[in-house]
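Remarks on the structure that follows.
Residue numbering restarts at 1 for every chain, and letters A, B, ... go by the order of the sequence lines.
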2 protein chains.
Amino acid sequence: MTTLSAAARRAAARADHLDRAAACPANRLLDRLGDKWAPLVLRALADGPLRYNALSRTVAGASQKMLTQTLRALERDGFLRRTAAPGVPARVDYALTPLAESLLPLLDSLASWAEENMPRVDRSRAAYDTRRG
Amino acid sequence: MTTLSAAARRAAARADHLDRAAACPANRLLDRLGDKWAPLVLRALADGPLRYNALSRTVAGASQKMLTQTLRALERDGFLRRTAAPGVPARVDYALTPLAESLLPLLDSLASWAEENMPRVDRSRAAYDTRRG
DNA sequence: CTGTATCCCGGTTGATACTG
DNA sequence: CAGTATCAACCGGGATACAG
């Protein structure tokens with residue numbers, strides 16, 4: 001037991017920190033936003049509701065599976081409202097909720113920062129890679 | 001060839017959109033920030049430079065490998081400055097660059113939004129899961 | 001049109017061990 | 001102290017086929 005305690009304590013400490021990190025609201029938000037397709041979907045809907053098919057054309061990079069998966073996740077989190085109109089063919093609209101709309105300005109800020117500063121990042125990266133091989 | 005053209009065109013269109021998405025500065029930024037450990041490291045260094053070991057304690061959830069990997073990536077992108085002092089034992093400091101510091105306010109904004117709104121997300125999620133099984 | 005179900009590959013992550 | 005190396009596991013994500 002004493003021989004295990006050191007490793008055990010480290011493991012416990014790590015689990016603890018992982019929990020804290022997972023519990024941190026900011027990290028949880030970044031987890032969502034870090035998702036490959038979620039930001040694209042959000043932006044696609046910023047100008048107004050769209051139907052599934054229109055979304056799949058706007059976010060053309062995403063496979064059917066990933067698009068649906070992303071939509072479900074965003075709906076579950078309360079960022080999207082899904083409205084299904086029965087009939088044949090089926091018709092489903094997706095729209096941003098007020099919650100999502102309150103997030104858009106932040107995404108815009110990020111986009112602005114990115115547009116202004118990513119070139120710097122690119123140069124830094126190129127320089128770094130040159131110093132190496 | 002005609003039998004392939006439809007699928008081929010779809011594939012091309014998808015590749016095209018993928019390229020565009022990958023080229024978008026905002027997406028590239030979110031890719032970095034979506035990284036599991038990068039935001040934690042950035043926040044850990046917000047109060048001042050830290051040595052490797054101090055970082056590994058602050059960001060205790062990360063394995064050695066992931067911490068090093070994250071630090072390298074951030075350094076390459078010009079967010080971190082790495083200062084190695086020769087000698088035994090070795091001593092290495094990591095500090096934010098002005099570029100990274102200019103990003104901190106945005107991260108703070110995100111954190112504020114998250115703190116205020118993530119509870120809402122949690123409730124939405126719980127409600128969604130209740131409606132289902 | 002709007003999805004769901006299945007298979008599967010590749011990259012990312014983590015555990016562990018070793019080094020200057 | 002500050003890493004590097006290697007290996008195994010996991011999982012995100014795409015292709016494909018099928019369904020209401």
Quick one: pull up [atom1] in [X] and [atom2] in [Y] and give me the separation to the nearest 0.5 Å.
X	Y	atom1	atom2	result
B/Leu106	B/Leu110	CG	CG	6.5 Å
B/Leu99	A/Arg120	CG	CZ	6.5 Å
B/Leu42	B/Leu107	CG	CG	6.0 Å
B/Leu80	B/Arg72	CG	CZ	10.5 Å
A/Trp113	A/Asp108	CH2	CG	16.0 Å
B/Leu71	B/Arg76	CG	CZ	14.5 Å

Going by atom types only, do A/Thr68 and A/Tyr52 share a side-chain donor-acceptor pair under 3.5 Å?
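There is such a pair between these side chains.
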Rounded interatomic separation in angstrom, taking [atom1] from [X] and [atom2] from [N]:
X	N	atom1	atom2	answer
A/Asn53	C/dG3	CG	P	10 Å
B/Gln69	C/dA15	CD	C1'	14 Å
B/Tyr52	C/dG20	OH	C1'	15 Å
B/Leu71	D/dG3	CG	P	8 Å

Mind running salt bridge (charged side-chain N to carboxylate O under 4.0 Å, His left out) on A/Asp93 and A/Arg51 for me, showing each step along the way?
CA-CA 4 Å; A/Asp93 277 276; A/Arg51 295 174 51 182; 5.3 Å; no
Residues A/Arg28, B/Asp122: salt bridge by 4.0 Å N-O rule
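So A/Arg28 pairs with B/Asp122 through a salt bridge.
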Of residues 80-94 of chain B, the positions that come close to DNA chain C - non-hydrogen atoms, cut-off under 4.0 Å:
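Heavy-atom cutoff 4.0 Å gives no residues at all.
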Quick one, which residues of residues 58-67 of chain B touch DNA chain C with a heavy atom under 4.0 Å?
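Those residues are B/Gln64, B/Lys65, B/Met66.
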Minimum side-chain heavy-atom gap B/Leu67-B/Ser56 below 4.5 Å
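They are in side-chain contact.
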Where along residues 27-38 of chain B does a heavy atom fall under 4.0 Å from DNA chain D?
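Correct list: empty, so none.
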Quick check: does any side chain N or O of B/Asp35 sit under 3.5 Å from a backbone N or O of B/Trp37, one acting as donor and the other as acceptor?
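It does hold such a pair.
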Are any of B/Arg51's side-chain N or O atoms less than 4.0 Å away from OP1 or OP2 of D/dA2?
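So the side-chain polar atoms of B/Arg51 do come within 4.0 Å of the phosphate oxygens OP1 or OP2 of D/dA2, strictly under.
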